[in-house]
Peer 1: 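Okay, here's the structure, questions in a sec.
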There are 2 protein chains.
Amino acid sequence: MSIRSDYPEPLWIQAVNLINSEIASGVLKPGMRLPPERELCQQLNISRVTLRKALTKLVEDGVLSASHGRGWYVATGAANKEWPNSLESFSETAERMGLTASSEVLRSEVAPASLDEAEELSIAPGTPLFHLERVRLLNNVPIAIDLTRIPAELVPGFTEVNFATDSLYEKLAEAGLELLRADSTIEAREADEYVAKHLVLEVGKPVLVMKQLVVDNTDKPLFTSTIQYSGDRYRLRTFFSRSNALSRTRRGH
Amino acid sequence: MSIRSDYPEPLWIQAVNLINSEIASGVLKPGMRLPPERELCQQLNISRVTLRKALTKLVEDGVLSASHGRGWYVATGAANKEWPNSLESFSETAERMGLTASSEVLRSEVAPASLDEAEELSIAPGTPLFHLERVRLLNNVPIAIDLTRIPAELVPGFTEVNFATDSLYEKLAEAGLELLRADSTIEAREADEYVAKHLVLEVGKPVLVMKQLVVDNTDKPLFTSTIQYSGDRYRLRTFFSRSNALSRTRRGH
DNA sequence: AAGTGGTCTAGACCACCCC
DNA sequence: GGGTGGTCTAGACCACTTA
């Protein structure tokens, strides 16, 4: 094994991919110890700093874990194949699960921002806002209602797009927007008549309401989404990290 | 300004703290550009690699952002004071919000692990498991029911602790357990009779169900929690990151 | 004492932005 | 072309674990 082909990919990303694929292919199994850093450096023909950048990334992804005087270990358990906190579009989630995503567009138009909408997006009230409201379906079963609001100037021509078939995230990427992070709040509420009708539920049944503010890499708000999932048809996954408790390893392995 | 006192703290952490404090004190204001890396290196008397490790950390924390040919900028907006995905105990959350947390203990005993419980924790069925079930209250209002299961060998003597007043997280820390991450699933469900009674709700009202598997820094499962929040009395916060979309900066600043 | 991860350095070259 | 961030290197020393 060896990297450094003539990819434009940074070396440390190639190293990440290589280690990931060795785990996927079973060469490295959960719980196994990796070769020492200095040895891996030689095998991959990269410097130790670069290797460590790759290893650090893999720890963030929950793929590896380190123990000071002991070595690097492949993470064990179910968390292994799970996605970390990635911001995934509905279409991407569907693809990953092997299902077909589709949409029914309820609303796709530009209207002035209300006071609340303006405040969330840090823009002036009345600013033209593109409203996109869709019922999201998996294999034709209604899963959620998604209402997204984007400053119209960021997405010219979006009222002409047919979002029943096109992916919003793809169109955003084409428009040059770079999503970085979605700050989200999650709560459980009762389905009102409107939601119940579109999700084919009884009024009062639980729905999972997720409100997101998506920002770009300069922390500028790009858009807000309110997604209401049918309680018995969807489940969110995330993880919480314990902020640095100065981990001083005691047992394990 | 200069660091490198005789702290045992790593230099890059000292750099993080210093920059953080300069922002807090208003020397660096949101939107401002930082001095070039090479200049900062001289001022702080550290190498560029070390400085960049600090800057990278500050980006993760949402404090700074970088633009390739332009420089480093202090992040703008409200997201600045928000906490990231920290794994916080109920008591800590309460304290942060200025409320008083308390508990009513429904169950505190050791019992053998069922098949399901054993699988979640990667232990043998029948292994003694400490079960702690509590109603969690804020200012004496019932907010949630929390059922936590911990292998009994990890927490000797816990059946003697009075968890109506003592914090579970504090006791876990005293027992030498180091929580690293909680993998969580979240869904909306209807309150059953048991939950409804203890949370003073009507049966069928929405509850937010969060199931967590908490692991230590070697990815060993420590315990599982199932927390059922009254839908109208609690709201979760988290964020999702867009995994590397090869950010190619276009606009901004 | 040997093995292994954690931190740190000085210097190099490339890619991008702006004049 | 000059300024700035992004990647990469080779080598050093320290801290923790294990024996």
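Order of the sequence lines sets the chain letters (A, B, ...), proteins ahead of strands, with each chain counted from 1.
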Peer 1: Could you tell me the separation between the CD atom of B:Gln14 and the C1' atom of C:dC8, rounded to a whole number of Å?
Peer 2: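 In whole Å, C:dC8 C1' and B:Gln14 CD are 12 Å from each other.
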Peer 1: Would you kindly give the OH-to-P distance between A:Tyr73 and D:dT17, to the nearest whole Å?
Peer 2: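 Going from A:Tyr73 (OH) to D:dT17 (P), I get 12 Å.
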Peer 1: Residues two or more places apart in sequence or in another chain: which of them pass side-chain hydrogen bond (donor to acceptor under 3.5 Å, both in side chains) with B:Ser108?
Peer 2: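 With sequence neighbours excluded, B:Ser108 shows a side-chain hydrogen bond (donor to acceptor under 3.5 Å, both in side chains) to no residue whatsoever.
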Peer 1: Please report the distance, rounded to the nearest Å, between CZ in A:Arg52 and P in C:dT9.
Peer 2: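 To the nearest whole Å, that distance equals 15 Å.
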Peer 1: Tabulate protein N/O versus nucleotide N/O from nucleotides 1-4 of chain C, keeping only pairs under 3.5 Å, one per line.
Peer 2:
unit_1, atom_1, unit_2, atom_2, d
C:dG3, N2, A:Gly69, O, 3.3
C:dT4, OP1, A:Arg33, NH2, 3.3

Peer 1: Provide, to the nearest angstrom, the distance between the CG atom belonging to B:Leu34 and the P atom belonging to D:dT4.
Peer 2: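 Result: 12 Å.
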Peer 1: Does A:Arg48 put a side-chain nitrogen or oxygen below 4.0 Å from OP1 or OP2 of D:dA10?
Peer 2: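 Answer no for this pair, as no side-chain N or O of A:Arg48 is under 4.0 Å from OP1 or OP2.
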Peer 1: Can you tell me the distance, in whole Å, between the CD1 atom of A:Ile46 and the C1' atom of D:dT7?
Peer 2: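 To the nearest whole Å, that distance equals 12 Å.
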Peer 1: Rounded to whole angstroms, how far apart are CD1 on A:Ile13 and C1' on D:dC8?
Peer 2: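 One finds 14 Å between C1' of D:dC8 and CD1 of A:Ile13, rounded.
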Peer 1: Do A:Gln212 and A:Ser184 have a side chain donor and acceptor closer than 3.5 Å?
Peer 2: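 A:Gln212 vs A:Ser184: donor-acceptor pair found between side chains.
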Peer 1: Of all residues at least two apart in sequence or in a different chain, which pass the salt bridge (charged side-chain N to carboxylate O under 4.0 Å, His left out) check with B:Glu117?
Peer 2: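 Applying salt bridge (charged side-chain N to carboxylate O under 4.0 Å, His left out) to B:Glu117 gives B:Arg149.
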Peer 1: Who pairs with B:Gln42 by side-chain contact (heavy atoms from CB on, under 4.5 Å), at least two apart in sequence or on another chain?
Peer 2: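 Counting only residues at least two positions away or on another chain, B:Gln42 forms no side-chain contact (heavy atoms from CB on, under 4.5 Å).
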Peer 1: Round to the nearest Å and state the distance from A:Leu58 atom CG to C:dG5 atom P.
Peer 2: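 Taking CG of A:Leu58 and P of C:dG5, I get 14 Å after rounding.
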Peer 1: Expressed as a whole number of angstroms, how long is the span from A:Leu11:CG to C:dA15:C1'?
Peer 2: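 For the pair A:Leu11 CG and C:dA15 C1', the rounded distance is 15 Å.
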Peer 1: Taking 4.0 Å as the cut-off, does a side-chain nitrogen or oxygen of B:Lys53 come that near to OP1 or OP2 on C:dT7?
Peer 2: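 Indeed, a polar side-chain atom of B:Lys53 lies that close.
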Peer 1: Applying ring-ring contact (aromatic ring centres under 6.0 Å, His included), name anything that partners A:Phe163, two or more places apart in sequence or on another chain.
Peer 2: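 With neighbours one apart ignored, the set is A:Phe158.
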Peer 1: Taking side-chain hydrogen bond (donor to acceptor under 3.5 Å, both in side chains) as the definition, give me every residue that meets it alongside A:Glu37, ordered by chain and number, with sequence neighbours left out.
Peer 2: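 For A:Glu37, the residues satisfying side-chain hydrogen bond (donor to acceptor under 3.5 Å, both in side chains) (neighbours in sequence not counted) are A:Arg48, A:Arg52, A:Trp72.
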